[in-house]
Amino acid sequence: MLNRLLLIYALLLAGMASPSAAAGGDSYTYANYQQVTVSHLHLDLAMDFQQKTLSGFADLQLNWLVQDATEVYLDTRDLTIERVYGKQQDGSWQTVPFKLAARDAVLGSKLTISPAFQPQMLRIHYSSAPEASGLQWLNPEQTAGKTTPFMFSQNQAIHGRSWIPVQDTPAVRMSYSARIQTTDQVLVVMSAPNDPATARDGDYQFYMPQPIPAYLIAIAAGDLQFKAMSEQTGVYAEPYILEASANEFASTQAMIDATEQLYGEYRWGRYDLLILPPSFPFGGMENPVLSFITPTVVAGDGSLVNLIAHELAHSWSGNLVTNATWRDLWLNEGFTSYVENRIMEQVFGSDRAVMEQALSVQALKDELQVLSANDSILHIDLQGRDPDDAFSGVPYTKGQLFLMDLEQQFGRDKFDRFLRQYFADYAFKSIDTATFVNYLDKNLLQQYPGVVSLEQAKAWIYQPGLPAGTPEPQSDAFTQVQQHASNWLAGNSELSSLPTASWTVHEWLYFINNLPLSISPEQMAALDNSFGLTTSTNSEIAHAWYLLALKTGYQQVLPQLEQYLIGIGRRKLIIPLYKQLASTPEGLAFARAVYQQARPGYHPLAQGSVDELLRN
């Protein structure tokens, strides 16, 4: 295995095709990628759980685009750079000077490397800091098994630079290889093909042949075991949740098959899932070959597997065709949300797909009431803010609605052909919004004139809010839920008459989300006594119920809410609860007391968000 990987690495260093760079520039990188790009990255790192560091060296294979350029600018954040070497044409290494600039709060520190020649490769010896924003280190007692430490990365949007000196922009794509050495207590996995039969020996090798941006490089290590779900798919997880996860996500292969029928070949080989500890700050992260998944979607009934469909959909929209800058995030997330819903329709039927559409649109409309007009634009101007601020319901659901509108206007057959060709034409490339608009105009709008004008398409992308005529998904199931709820609230029926035994999670969410804030404490208590909502084991239902309880003053949830906030770190679920708590003096005091216990177990990204909410 080692010899094969070293041979592959040597062949890669002999010469690679340059990745596609974005037209224009990315304001969230120091990299001079218009002059030189990294075509391959090799990492040789020691993982130290005691010091909470990764240390070793990174080899950066360079593709020079400008004849007389010699300087290389890289992105770093809180890295200690020890020394830098450049590889000359004759294969010898030479020490080269470098300078690490002062730290910018958003961008980190610019690393300027100044050889007097154009090196084929740079070798940078460095170490990460224990507080690296892109890594979380968990002590054994913070894991389910209590015996083995755990660590995982989260590079998106620009956190890769906190553990790799790299051109940290989605405009630059690179293949990568790695050797990771650590304790043999843990199994290390990366966003590269992982061999389920790998021996736990503390010395791990990886090779990702497809060119990907830095934000998709990922690593994790812990007491991981593997269980196959099909010949192509499987789950890595801690033992306590392995069987449940494999059962929960058994539909993954059917999702792959459905997406290939719709949008073409899955180009990444295997597709595995890694179930992370509850502190993982997101629902999922689409790291290629190995999606990182929150355990909060292991519900026991497959009710939340649309998240798996979403991360899988990124294998076409996001990982295969990638946004060139974080202003273009909607090209990743809007397309992925659309493809996700098409997968759900194909595998689970149109009724479920429409319910999920309706819930997403309702959440977006609620969010638009509090977002600034600028933040409701698909091609968002972040105005120097952290690119993490680009993540809201806008790039996801407004982007999805735009594509749904195009589908409805042109018809599904025409739009599917367009989308399939788009994924093929820009495979393994990074593009910006202007490039997409031109492609859309040439390959769809002009092909079928008089259906949708270029001005109408641009209004979706460049104007705030939702255009007139935005699709309004309607679920018959939700209409019935609303009728039952209205009858009960008006006193015309008893709770026992609600047909909840047949309700899906989606119907429960619609029911809770649409209860009026004027609901009485007695009615809240009746609901709780009848259906045990405060003790729900479904993370989404519990979240919706706790949020309603806080808004209506139903104090009985507080003990369970405390455990909920301490037990999980998924930002989508905890941030709205902390925000609502912070809206009253009593709630703020409760939130601060709970957070004092919860904070050590949260990921740095979650810590930063909650710190900001509870600061005042």
Side-chain angles (χ1 to χ4, degrees), residues 299-304 306 341 344-345 348-370 393 397 401 466 470-561 564 573 576-577 579-581 583-584 586-587:
D301 58 5
S303 59
L304 304 178
N306 62 300
N341 196 252
M344 295 302 293
E345 177 185 327
F348 297 101
S350 59
D351 289 347
R352 177 164 177 175
V354 171
M355 284 194 285
E356 291 177 357
Q357 287 175 4
L359 287 171
S360 295
V361 171
Q362 184 179 51
L364 173 64
K365 289 181 176 179
D366 290 343
E367 195 171 10
L368 288 176
Q369 293 180 11
V370 297
T397 307
L401 286 168
L466 296 174
T470 294
E472 293 273 1
Q474 300 291 328
S475 165
D476 293 339
F478 287 173
T479 300
Q480 293 177 32
V481 169
Q482 188 61 60
Q483 288 174 347
H484 287 296
S486 298
N487 288 336
W488 172 67
L489 288 166
N492 296 328
S493 65
E494 300 295 325
L495 277 179
S496 57
S497 68
L498 268 63
T500 57
S502 62
W503 279 4
T504 63
V505 166
H506 310 89
E507 287 162 297
W508 270 113
L509 289 173
Y510 184 84
F511 174 74
I512 296 170
N513 290 340
N514 288 278
L515 287 170
L517 297 185
S518 58
I519 188 171
S520 70
E522 293 76 20
Q523 288 171 315
M524 289 288 288
L527 283 170
D528 208 1
N529 291 334
S530 295
F531 305 117
L533 294 170
T534 296
T535 55
S536 174
T537 57
N538 184 291
S539 62
E540 296 279 358
I541 290 176
H543 166 82
W545 177 250
Y546 295 151
L547 196 56
L548 177 66
L550 292 176
K551 290 178 178 178
T552 59
Y554 183 61
Q555 300 289 311
Q556 285 84 339
V557 301
L558 292 181
Q560 281 297 130
L561 174 60
Y564 184 87
L573 299 179
L577 295 170
K579 188 173 184 179
Q580 185 60 40
L581 283 166
S583 66
T584 67
E586 300 81 8

- Query: Checking side-chain contact (heavy atoms from CB on, under 4.5 Å) for the pair N514/V481: CA distance, chi angles, key distance, verdict?
  - Reply: CA-CA 10 Å; N514 288 278; V481 169; over 6 Å; no

Can you give me the closest heavy-atom contact between [X] and [Y], atom names plus distance?
{"X": "Q580", "Y": "L547", "value": "CB-CD1, 3.9 Å"}
{"X": "F478", "Y": "A358", "value": "CE1-CB, 3.8 Å"}
{"X": "A549", "Y": "M524", "value": "CA-CE, 3.8 Å"}
{"X": "P473", "Y": "V361", "value": "CG-CG2, 3.8 Å"}

- Task: Not counting sequence neighbours, which residues clear side chain to side chain donor-acceptor pair (under 3.5 Å) with N513? List them please.
- Result: none

- Query: Got a sec, which residues hit side chain to side chain donor-acceptor pair (under 3.5 Å) with T504, two or more places apart in sequence or on another chain?
  - Reply: E507

- Note on the structure: Interatomic distance, CG@L548 vs CG@L533, rounded to 0.5 Å, equals 9.5 Å

- Message: Assess the residue pair F348 and N306 against the criterion (side-chain contact (heavy atoms from CB on, under 4.5 Å)); give the C-alpha distance rounded to whole Å, side-chain angles, the decisive distance to 0.1 Å, and a yes or no.
- Response: CA-CA 10 Å; F348 297 101; N306 62 300; over 6 Å; no

- Query: Is N529 close to L495 at the side-chain level, that is, under 4.5 Å between some pair of heavy atoms?
  - Reply: no

- Message: Contact between L573 and Y564 at the side-chain level, heavy atoms closer than 4.5 Å - yes or no?
- Response: yes

- Sequence neighbours left out, what pairs pass side-chain hydrogen bond (donor to acceptor under 3.5 Å, both in side chains) with at least one residue falling in residues 542-558? D528-Y554, T534-W545

- Task: Provide the full list of side-chain hydrogen bond (donor to acceptor under 3.5 Å, both in side chains) pairs with a residue in residues 484-495, sequence neighbours left out, each pair given once.
- Result: Q482-S486

For [X], which residues count as a side chain to side chain contact (heavy atoms under 4.5 Å, CB included) partner, sequence neighbours excluded?
{"X": "D476", "value": "none"}
{"X": "A299", "value": "E248, D301, S303, L304, N538"}
{"X": "S360", "value": "T397"}
{"X": "P471", "value": "L401, M404, D405, Q408, W460"}

- Task: Report the C-alpha distance between L558 and L550 in whole Å, list the side-chain angles of each, state the deciding distance to 0.1 Å, and finish with yes or no for side-chain contact (heavy atoms from CB on, under 4.5 Å).
- Result: CA-CA 9 Å; L558 292 181; L550 292 176; 4.2 Å; yes

- Residues forming a ring pair (Phe, Tyr, Trp, His ring centres under 6.0 Å) with W508, sequence neighbours excluded: W503, F511, F531

- Residue pairs involving residues 353-368 (criterion salt bridge (Lys or Arg N to Asp or Glu O under 4.0 Å); sequence neighbours excluded): R352-E356, K365-E472

- Donor-acceptor pair, side chain of T479 and main chain of S475, under 3.5 angstrom: yes

